[in-house]
Structure formats: structure tokens, C-alpha cells
Amino acid sequence: MKEELTTIRQTSLKEIEAVTSESELYQVKSRYLGRSGTITQIVKNLKNIPAEERSTIGKEANDLKKDLTAAIDNALQNIKQSKKLEHIEKPSIDVTLPGRKQLLGNKHPITLVTDQITQVFTTLGFEIVEGPEIELDFFNFEALNIPKDHPARDMHDTFYVTEEVMLRTHTSPVQIRTMQKTKPPLKIICPGKVYRCDSDVSHTPMFHQIEGLMVDTNITFGDLKGLLTIFIHTIFDENTALRFRPSFFPFTEPSAEVDIQCVMCRGAGCRVCSGTGWIEILGCGLVNPKVFANAGYNPDEITGLAFGLGVERTAMLKYGVNDIRLFFENDYRFLSQF
Ligand code: PHE
């Protein structure tokens with residue numbers, strides 16, 4: 001009997017060691033310690049063992065029972081622990097899940113309209129040029145014939161960095177920078193961000209402009225009218241009426257503002273056009289000879305046309321958006337409509 005117990009001890013401990021799952025472990029447990037398990041049976045049958053052996057065998061059997069229970073508990077802990085680790089370490093990918101549709105991004109409406117506008121002009125032979133957003137007083141104002149005491153400075157609510165440095169209030173300084181570097185003739189389009197201290201439903205402190213400049217000999221107001229008519233008819237539609245309304249800019253002479261027939265009411269008069277049937281869309285004119293002189297060109301030999309338009313304004317009219325701030329809120333429900 002004694003040897004039998006020793007053999008049971010050896011094999012059962014080996015079996016417990018070899019177990020790899022909880023269910024296997026419970027099988028081993030019931031085989032030895034269950035109601036009809038080997039050890040349970042031995043303990044039950046102790047009464048049949050000769051009296052002189054009974055106490056040693058009994059003690060041995062009980063020790064074995066205790067040791068096996070401890071070994072099983074220990075093995076159970078180990079299995080649980082390694083299961084936990086496995087769960088943490090294994091990437092939890094469920095390959096049976098249906099695929100997830102990738103959302104395709106789209107261009108921001110401001111980028112879209114900028115692209116459309118620049119494309120109209122690049123098709124006509126204009127080159128795209130960019131300039132700095134932090135600008136010197138000379139390029140933003142002085143060289144554009146807006147001296148320090150000039151009332152036209154009031155039109156621009158400027159963010160100053162120092163007295164001589166500012167966030168550019170328009171893209172017109174790129175005209176000067178380009179003319180300083182390049183000999184005429186010139187056909188450029190300059191898209192970019194500009195800054196003005198202004199904020200309401202139709203103004204944001206940062207917005208986008210596109211500047212156009214064409215320099216050559218014998219450029220007339222007729223060229224300006226033709227160019228801008230092509231532009232308006234391409235961006236809106238061929239039936240959009242436009243008019244040139246006399247205006248003033250220190251850097252162009254003569255100057256005009258271009259109005260288009262209201263896109264909402266087709267000229268009948270509505271809230272968007274304040275009942276006039278017309279909406280202002282851009283500023284333009286023939287380059288003031290003083291600007292040529294400031295940029296190092298000879299005003300007696302050279303003529304030019306220039307225009308500047310707001311991209312947000314164009315996009316609002318083109319798509320019927322009534323609050324400029326929607327462009328900058330980054331709400332996907334708005335942006336995905338373009
Ligand atoms: N720079 C002017 C503005 O921001 C627009 C403009 C550009 C007007 C070029 C005439 C010529 O209001």
C-alpha cells in the first residue's frame with residue numbers, strides 16, 4: 001500500500017505539471033480527489049487495512065491529499081495568470097468582423113475655390129507667385145502709394161508686430177516684391193492668407209485673397225474688363241452680369257470695384273444684395289505709375305492692370321454660404337458637401 005501511495009504521488013504530480021488548461025486540471029483533480037477518485041477511495045477503505053499499518057497509511061494518504069490539493073491550486077493560479085498575459089499580449093483582431101469603409105477626405109472649399117480661380121488665370125498664361133504673410137510697412141503700404149499719414153490706411157485694420165512690421169492686410173505687397181525681382185512683361189496671380197482686425201458674419205481676422213497683376217506696354221482698361229469678364233463667367237456662369245463701378249485705391253488709377261448680379265435673386269433684389277440686385281466681388285484698376293516707380297520700373301514705358309479678390313467671399317456667393325465662420329469651424333458635415 002505504501003509503495004502504491006508513492007507511485008500515485010509521483011504520477012499525479014507529474015500529471016498536474018503537464019496540464020495546460022483549466023479543464024484538464026479539473027479532470028486530474030476529479031480522478032484523484034473526486035468522490036470516486038483514487039485517493040478518496042483509499043481513505044474510504046482505510047478501515048480494511050490491518051490495524052498496525054492503518055495510522056501510517058492514513059497519515060500518508062492525508063498528506064498526499066493535502067499536497068495534491070496545494071499543487072492543483074498552484075497550477076490553477078499559473079494557468080489563469082498565463083491566460084491573462086496571453087490576452088494582453090495577443091493583438092485582439094477579430095478577422096470575422098466586416099471591413100470598415102475608409103472615409104475619403106476632400107478639399108476644403110477655400111482650397112477648392114482657390115484652385116478653380118488660379119486655374120482660370122494659369123490657363124490664360126499667368127504664373128503663380130507667393131509672398132510672406134509677415135510683411136514690412138514698405139511692401140504692404142508705402143510702395144503701394146499708401147504713405148504713413150494716408151487716410152486709406154483706415155481701410156485696413158492692421159495687426160502690427162512692430163511699427164515697421166505687420167501681418168499683411170492684402171496680397172498687393174506681392175506685386176511690389178515680384179516687380180523688384182522680375183523684368184516686365186509680367187503676368188502673375190498671388191493667392192494667400194491676409195489678416196485684418198475684424199470679426200463678424202462676413203469677416204474673419206484671417207481670410208484669403210488672390211491678387212492679379214499684368215504688366216506690359218499698352219495695357220488698357222479694356223484688357224482689365226475682358227480678363228475679369230472671362231473670370232466671372234468661368235467661376236459663376238456665362239449669364240452672370242457684371243459691372244465696373246468707379247472706386248478708389250491708392251495703387252491703381254483709375255480704380256473700380258466689380259459687382260456681379262446677385263446670385264441669389266438674379267438681380268431682383270433680396271437680403272443678400274440689400275435689395276440692390278448687385279454684389280461686390282473684387283477691387284481692380286490700372287496700376288498707378290507711382291507704384292511702378294516705387295518698384296523700380298519706368299512708368300513712362302510700362303502699363304499694367306491689377307485686381308484683388310476675396311476667396312471666402314467668392315466661395316460664399318458660389319455655394320450660397322451665409323456665414324463666413326463656417327469655413328473655419330472644421331465641421332465635417334459642412335466640409336463634406338463640397
Ligand atoms: N488690395 C485691395 C484690397 O485688399 C484690392 C485690390 C487689389 C484693388 C489690386 C485694386 C488692385 O482691398
Side-chain angles (χ1 to χ4, degrees), residues 107-131 170-175 178-179 185-194 202 207-216 218-249 251-264 266-267 272-273 276-288 291 303-321 324 327 338:
K107 278 192 181 168
H108 190 282
I110 296 305
T111 310
L112 203 69
V113 172
T114 303
D115 287 354
Q116 288 168 0
I117 296 172
T118 49
Q119 214 209 324
V120 175
F121 291 101
T122 50
T123 309
L124 294 169
F126 282 70
E127 238 180 279
I128 298 173
V129 179
E130 287 178 320
H170 52 176
T171 42
S172 302
V174 189
Q175 290 189 29
T178 312
M179 287 192 277
L186 210 67
K187 276 163 98 179
I188 57 161
I189 196 96
C190 327
K193 293 183 171 69
V194 300
S202 54
F207 61 103
H208 298 78
Q209 278 193 340
I210 298 183
E211 189 84 8
L213 174 69
M214 183 170 168
V215 178
D216 208 331
N218 300 316
I219 286 182
T220 68
F221 206 89
D223 295 315
L224 182 64
K225 283 180 80 173
L227 192 61
L228 294 179
T229 304
I230 292 174
F231 159 67
I232 301 277
H233 285 174
T234 315
I235 292 300
F236 296 98
D237 70 70
E238 295 234 337
N239 303 315
T240 307
L242 62 154
R243 70 177 184 188
F244 288 73
R245 186 166 36 78
S247 185
F248 172 79
F249 298 103
F251 34 94
T252 47
E253 184 59 36
S255 301
E257 273 169 315
V258 172
D259 296 336
I260 60 168
Q261 193 184 46
C262 179
V263 287
M264 305 296 165
R266 283 272 155 203
V272 175
C273 57
T276 62
W278 295 96
I279 292 176
E280 181 201 320
I281 177 131
L282 57 84
C284 63
L286 295 184
V287 180
N288 190 320
V291 172
T303 53
L305 62 82
F307 57 90
L309 62 96
V311 180
E312 281 78 2
R313 192 171 173 75
T314 309
M316 284 169 85
L317 293 173
K318 190 174 161 86
Y319 296 118
V321 176
I324 193 174
F327 291 124
F338 298 91

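Position 1 is the first residue of the sequence, and the numbers go up from there.
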Visitor: Taking the six-membered ring where the residue is Trp, are the ring centres of His170 and Phe251 under 6.0 Å apart?
Guide: yes
Visitor: Which atoms form the tightest heavy-atom contact between Gly308 and Leu282, and what is the distance?
Guide: O-CB, 3.4 Å
Visitor: If you round to the nearest 0.5 Å, how far is CE of Met214 from CG of Leu124?
Guide: 9.0 Å
Visitor: Supply the atom-to-atom distance Ile110 CD1 to Asp115 CG, rounded to the nearest 0.5 angstrom.
Guide: 11.5 Å
Visitor: Under the side-chain contact (heavy atoms from CB on, under 4.5 Å) criterion, do Arg313 and Ile279 qualify, and how do the steps go?
Guide: CA-CA 10 Å; Arg313 192 171 173 75; Ile279 292 176; 3.3 Å; yes
Visitor: Heavy atoms only: give me the nearest Phe221-Ala256 pair and the separation to one decimal.
Guide: CZ-CB, 4.0 Å
Visitor: How close do Ala306 and Thr252 get, heavy atom to heavy atom, and via which atoms?
Guide: CB-CG2, 4.3 Å
Visitor: Is the side chain of Glu253 donor-acceptor paired with the backbone N or O of Asn288 at a distance under 3.5 Å, no angle test?
Guide: no
Visitor: When rounded to the nearest 0.5 angstrom, what distance separates CZ in Phe307 from CD in Gln209?
Guide: 11.5 Å
Visitor: Within the 4.5 Å heavy-atom criterion, are Met316 and Phe327 side-chain neighbours or not?
Guide: yes
Visitor: Restricting to non-hydrogen atoms, name the atom on Glu257 and the atom on Gly283 that form the minimum distance, rounded to 0.1 Å.
Guide: CG-CA, 4.3 Å
Visitor: Of the non-hydrogen atoms in Gly304 and Ile219, which two are nearest, and what is the gap between them?
Guide: C-CG2, 4.0 Å
Visitor: Quick one: does Glu127's side chain have a donor or acceptor within less than 3.5 Å of a partner on Lys187's backbone?
Guide: no
Visitor: Please report the C-alpha distance between Phe236 and Leu317 in whole Å, then the side-chain angles of each, then the deciding distance to 0.1 Å, and finally whether the side-chain contact (heavy atoms from CB on, under 4.5 Å) criterion is met.
Guide: CA-CA 9 Å; Phe236 296 98; Leu317 293 173; 3.9 Å; yes
Visitor: Is there a side-chain contact between Phe121 and Leu227 in this structure, where contact means two heavy atoms from C-beta onward sitting under 4.5 Å apart?
Guide: yes
Visitor: Can you spot which of Ile235, Ile260, Ile232 makes a side-chain contact (heavy atoms from CB on, under 4.5 Å) with Thr314?
Guide: Ile235
Visitor: Nearest 0.5 Å, please: how far is CE in Met179 from CD1 in Ile188?
Guide: 7.5 Å
Visitor: Test Val287 against Leu213 for side-chain contact (heavy atoms from CB on, under 4.5 Å), laying out the working first.
Guide: CA-CA 9 Å; Val287 180; Leu213 174 69; 3.7 Å; yes
Visitor: Under the criterion side-chain contact (heavy atoms from CB on, under 4.5 Å), I'd like the reasoning laid out for Arg266 against Thr240: C-alpha separation, chi angles, the key distance, then a yes or no.
Guide: CA-CA 8 Å; Arg266 283 272 155 203; Thr240 307; 4.2 Å; yes
Visitor: Flag the pair Val311 / Pro191 as yes when at least one side-chain heavy-atom distance between them is below 4.5 Å, and no otherwise.
Guide: no
Visitor: Return yes when atom NZ of Lys225 has more than 12 non-hydrogen atoms of other residues, nucleotides or ligands closer than 6.0 Å, and no otherwise.
Guide: no
Visitor: Find the distance between CG (Leu112) and CZ (Phe338) and round it off to the nearest 0.5 Å.
Guide: 8.5 Å
Visitor: If I take atom CD from residue Gln119 and atom CD1 from residue Ile189, how far apart are they, to the nearest 0.5 angstrom?
Guide: 12.0 Å
Visitor: Which residue is it: Asp259, Leu242, Val263, Val258? I am looking for the one with a side-chain contact (heavy atoms from CB on, under 4.5 Å) to Ile281.
Guide: Val258
Visitor: Could you report the tightest heavy-atom contact between Ile230 and Thr234, atom names first, then the distance?
Guide: O-OG1, 2.6 Å
Visitor: May I ask you to decide if Phe249's main-chain N or O and Ser255's side chain share a donor-acceptor pair within less than 3.5 Å?
Guide: yes
Visitor: Measure from the side-chain N and O atoms of His208 to the backbone N and O of Thr111, and report whether any donor-acceptor pair falls under 3.5 Å.
Guide: no
